[in-house]
2 protein chains.
Amino acid sequence: MYTLAEENYLKAIYKLSMLAENVSTNQIAAELATKASSVTDMLRKLAEKLLINYTRYQGVSLTQSGEKVAINIIRRHRLWEYFLVEKLHFKWDEVHDMAEEMEHISSTELIDRLDEFMGFPTRDPHGDLIPDSNGNFKKNDLKPISAVDVNTSGVISGVRDHSTAFLQYLEKQCLTIGKKITVKEIISYDNTVVLQMENKDLQISREVANNLLIAL
Amino acid sequence: MYTLAEENYLKAIYKLSMLAENVSTNQIAAELATKASSVTDMLRKLAEKLLINYTRYQGVSLTQSGEKVAINIIRRHRLWEYFLVEKLHFKWDEVHDMAEEMEHISSTELIDRLDEFMGFPTRDPHGDLIPDSNGNFKKNDLKPISAVDVNTSGVISGVRDHSTAFLQYLEKQCLTIGKKITVKEIISYDNTVVLQMENKDLQISREVANNLLIAL
DNA sequence: TTAATTTTTTAGACTCGTCTAAAAATACAA
DNA sequence: TTGTATTTTTAGACGAGTCTAAAAAATTAA
Ligand SMILES: [Mn+2]
Ligand SMILES: [Mn+2]
Ligand SMILES: [Mn+2]
Ligand SMILES: [Mn+2]
């Protein structure tokens, strides 16, 4: 239906749309590690196919049909990640790159059967919500630790950075999904956050606190 | 490692090598539904990369490293077909096209874990042998029904034609893998084969007999 | 063994997705 | 508000993979 490149652009635009209504050429170029000129070329094609709203120099947003395609790719990505962790016993920091390839397998029948085979999971190994086969999709209610007040408690439920380095760091600190934590203090000098965990206290940087999500 | 196109060419050459030592440009073009001129272009690239032995006008054969790549693709294809049938409950005539896409997922770690997850199956849903992770690969001992003598008995164990139409026909006639049959007669007029099955006799055409394999 | 036919290769062009370099539009600052 | 910096687009090129049309080589037939 859509080419590999088109799918990757739509997914990138969808992701960047979480942060701001309109997405800029440079943002997309950074996200896909390509050049702004390449992005402009692709934007014309996607606009032509009515997948994005695009006016020169004004940035882009997904149309309804573009969003539908993007959500579908995300569904596939997250279901494959779940499969890799739950069935093939990969670790949560190992699955992203494989899922980047697998998400482009086109059969919807396949992905629906996979969903059923795994018992219709609702979240992927990183805590991200998995859209259902109609593209329905609860909005995430999670907050970055950096956004909560001192003395707030919650359960670690997701991450914003999916890089191997970050996930391995979290694993090492036992900051994995399901762990209960309390924000004890925010050191004003550099915004280091002091967490109270079950059996220890732990300091994390502003950077880490920004990328680690909790359910209150 | 290799592009989609390169992998498909190597696989096609491997398949055609079963029939004859050297594979011709036109054979490859037919197999891949492309044009002879496109094939020639690709053959130069594959020869450049030492994946095939190629001299102009002489046809091609796989080098050892080309064969290794091809066998690996076949391993991936057959394991995914097994997964689709055994775990996701697709029918044997539904899985080929999906596997054509999935076979290009590159991670060997993934495919080895998938293999383990399924208990190291030795044959795919069509009776074809699945190479192990080292590319080791028993040669198929099966014979087309058209090649055995009258009064020979055997067990249906594989097919040569993987098309949906053929597989659905077999299903309908109960000519599925594991069924015991005896060749009762070959009608000389048009080489129709009369089979004795468990509870009935059945006539199949030369064409069908050619594409249906039995273990003696 | 020459001529006709078939197969294979070459020549040149096209699409897709990418790049660099330069021009145009926009945003920001003095 | 006028000039500078940044962002975005255009222009032109390239590699991968494909195509058509024509030339060259090999095969088959006369
Ligand atoms: Mn991921
Ligand atoms: Mn994920
Ligand atoms: Mn198949
Ligand atoms: Mn098969």
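Quick caveat, the model's predicted, so the values are computed rather than measured.
- As a whole-Å value, the separation of B:Asn22 CG from D:dA26 C1' is 15 Å.
- Taking atom CG of residue A:Asn26 and atom P of nucleotide C:dA25, one finds them 18 Å apart after rounding to whole Å.
- Among the heavy atoms of the strands lying under 4.0 Å from A:Ser38 is at least one base atom, whether or not backbone atoms are also near.
- Neither OP1 nor OP2 of C:dC16 sits under 4.0 Å from any side-chain N or O of A:Tyr2.
- Rounding to whole angstrom units, CG of residue A:Leu43 and C1' of D:dT10 are separated by 14 Å.
- Look at CG on B:Leu4: it is 15 Å from P on D:dA16, rounded to the nearest Å.
- Taking CZ of B:Arg206 as the reference point, atom CG of B:Asn211 lies at 11.0 Å (rounded to 0.5 Å).
- Taking only side-chain nitrogens and oxygens, B:Lys45 never comes nearer than 4.0 Å to OP1 or OP2 of D:dA16.
- For the pair A:Arg56 CZ and D:dA11 P, the computed distance is 10 Å after rounding to whole Å.
- Taking the side chain of B:Arg44 as heavy atoms from C-beta on, and the options C:dT10, D:dT18, C:dG17, the nearest nucleotide is C:dT10.
- Residue contacts for B:Thr40: at a heavy-atom cut-off of 4.0 Å it reaches a base atom on one of the strands shown.
- Phosphate contact (OP1/OP2 of D:dA16, side-chain N/O of B:Thr3, threshold under 4.0 Å): absent.
- In this structure, of D:dA16, D:dC19, C:dT8, it is C:dT8 that holds the atom nearest to the side chain of B:Ser24.
- Checked by distance alone, A:Ser37 brings a side-chain donor or acceptor within 3.5 Å of a matching partner on the base of C:dT20.
- Within the 4.0 angstrom heavy-atom criterion, only backbone atoms of the sugar-phosphate kind lie near B:Ala5; the bases stay farther away.
- Atom pair B:Leu46:CG and C:dT9:C1' shows a separation of 16 Å (rounding to whole Å applied).
- Per the geometry, CD belonging to B:Gln58 stands 12 Å off C1' belonging to C:dT7, to the nearest Å.
- The shortest distance between side-chain heavy atoms of B:Ile13 and B:Ile28 falls below 4.5 Å.
- Looking only at atom types and distance, the side chain of B:Asp190 has a donor-acceptor partner in the side chain of B:Thr192 under 3.5 Å away.
- Under the 30°/60° scheme for interplanar angles, the aromatic rings of A:Tyr169 and A:Phe166 are found to lie parallel.
- In this structure, a donor-acceptor pair under 3.5 Å is absent between the side chains of A:Asp128 and A:His77.
- Here D:dT27 presents its P atom at 11 Å from OH of B:Tyr57, a figure rounded to the nearest Å.
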